[in-house]
There are 2 protein chains.
Amino acid sequence: MAEEKQDAEIKIKEAARRVFLAQGYEGTKMRQIAEAAGVNLAMINYYFRSKEQLFNSIYAETFSQFIGQVVQLINESTPLEVKVWKIVDRYCDFLVENPLVPGFILSKQRVDGGEFFKKLDVRGVIENSVFKKQLAEETEKGNIRSTDPLQVITVILGSLVFPIMAQQVVSYVGGLDNKGFREFMEERKQIIPEMIMAYLKVK
Amino acid sequence: MAEEKQDAEIKIKEAARRVFLAQGYEGTKMRQIAEAAGVNLAMINYYFRSKEQLFNSIYAETFSQFIGQVVQLINESTPLEVKVWKIVDRYCDFLVENPLVPGFILSKQRVDGGEFFKKLDVRGVIENSVFKKQLAEETEKGNIRSTDPLQVITVILGSLVFPIMAQQVVSYVGGLDNKGFREFMEERKQIIPEMIMAYLKVK
DNA sequence: GTCTATATCGTGATAGAC
DNA sequence: GTCTATCACGATATAGAC
């Protein structure tokens, strides 16, 4: 009764990702994943040794996705102002399509002494970025003020991530339905870059 | 062997708050709370009927604290620009002192049809705010551009909440120790208001 | 590779003595 | 009000047949 090859492994991982993202580590039960994947409970422990191992592989992938997007965008070779607009536009789209990712990533407090981050090689990813160089150059030319790139990046990320994570509260407070919330996020694509540039251009 | 009056109830609640904030609902075990409170496991079920009820009372309190701060700040009768600076300053301090609050609040996805929010009466809390009136007035006078107050508030909150929630990642990426991170947040108290005002003043 | 059955443990909650 | 002892259940994980 062999399933087609071993795409059971893939189905398990996809199902696990859905459930873990929605309910977190402790909130997720192995039986839920089995059911969502349409496989037997024992199969999960056959392909992945344990719940923790299954979770870790999914966490690592999702973290890479979450931060990889940023790394890629800040290193593109577009002019500074265009780049700011592009980062916001792309990352906003990513978040709207993957609204559970930030909460999932940020919920896990990794206190393994930074071992996890080391493997992903993210230290200094901003220090060595094209984005940082561009900020320095434009400052040199007198076009913008001197600024810490990490501050700029975290303003962009925070401004986009927060409403996604707090969608329920934001929608309720603002009286927005789903359509209204999407429009709210679309409007942000314009506001955030304008705000960043307005700040930078004050000398 | 009566403890002094029934301050056991208070000790339980304080301990529960600490543990729930750090580990979330599912991640928290009743036995942990009992140990942290220095009371017997049975005592918790004596004072609070169940884990869920204990959690709910703490969640409600913490949510009020989280959003109550904002409501109060946006309704103060200080001039617009001063107010923006004050909101950022106060909320930043609050978050630095209570770094676990946002993750705790945002982790719970309340899908009780908005019943929870209704009780707290937060709908339209921005729509009816002094802050909104001030934005409208200054726009009228031609001092600032026309803007959605909800967009402004969520930029402020997001810019402050995100680095707090992502402290580990931000610190690692930026190569910051604890002292460096605190300085990073202090620097933000200046950057965020300047950014908001720079944006608003573009007509 | 896939299933059933089960071992083992941890959890929330309570009964009942004091 | 406070404790000990325990119940009832559900969780992860595995053994072992097919």
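Computed over heavy atoms, backbone and side chain alike; hydrogens, waters and symmetry mates excluded. By convention in this document, chain letters (A, B, ...) are assigned in the order of the sequence lines, proteins followed by strands, and residues within each chain are numbered from 1.
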Value in whole Å for how far the [atom2] atom of [N] lies from [atom1] of [X]:
X	N	atom1	atom2	result
B:Q32	C:dT11	CD	P	8 Å
B:E9	D:dG1	CD	P	9 Å
B:I33	C:dA13	CD1	C1'	14 Å
B:I12	C:dA13	CD1	P	13 Å
A:M30	C:dT8	CE	P	20 Å

Checking contacts here: which listed nucleotide ([options]) is nearest the side-chain heavy atoms of [X]?
X	options	result
A:N40	D:dG1, C:dC3, C:dT2	C:dC3
A:L41	C:dG12, C:dG1, D:dA13	D:dA13
B:K51	C:dT2, C:dA13, D:dC3	C:dA13
B:S50	D:dT2, C:dG1, C:dA13	C:dA13
B:A42	C:dA13, C:dA15, C:dT2	C:dA15

Legend entry - Side-chain donor/acceptor contact of B:R31 with base of C:dG12 under 3.5 Å: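 Flag set: donor-acceptor pair detected.
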Inset, instruction - Please say which of A:F63, A:F66, A:F55 ends up in a ring pair (Phe, Tyr, Trp, His ring centres under 6.0 Å) with A:F104. - result: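 Exactly one pass, corresponding to A:F55.
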Inset, instruction - May I ask you to verify if any side-chain N or O of B:N45 is less than 4.0 angstrom from the OP1 or OP2 atom of C:dG12? - result: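 Negative; the distance criterion is not met.
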Legend entry - Short side-chain N/O contact from A:Y46 to OP1 or OP2 of D:dT14, under 4.0 Å: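 Answer no for this pair, as no side-chain N or O of A:Y46 is under 4.0 Å from OP1 or OP2.
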Inset, instruction - State, with a plain yes or no, whether a side-chain heavy atom of B:L157 is found less than 4.5 Å away from one of B:Y91. - result: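 Answer yes - side chains close enough.
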Inset, instruction - Mark yes or no for whether A:K11, through its side chain, and A:V39, through its backbone, hold a donor-acceptor pair below 3.5 Å. - result: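 Such a contact is absent between A:K11 side chain and A:V39 backbone.
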Inset, instruction - Report yes or no: does B:K83 contribute a side-chain atom to a donor-acceptor pair with the main-chain N or O of B:I74 at less than 3.5 Å? - result: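 At least one qualifying donor-acceptor pair exists.
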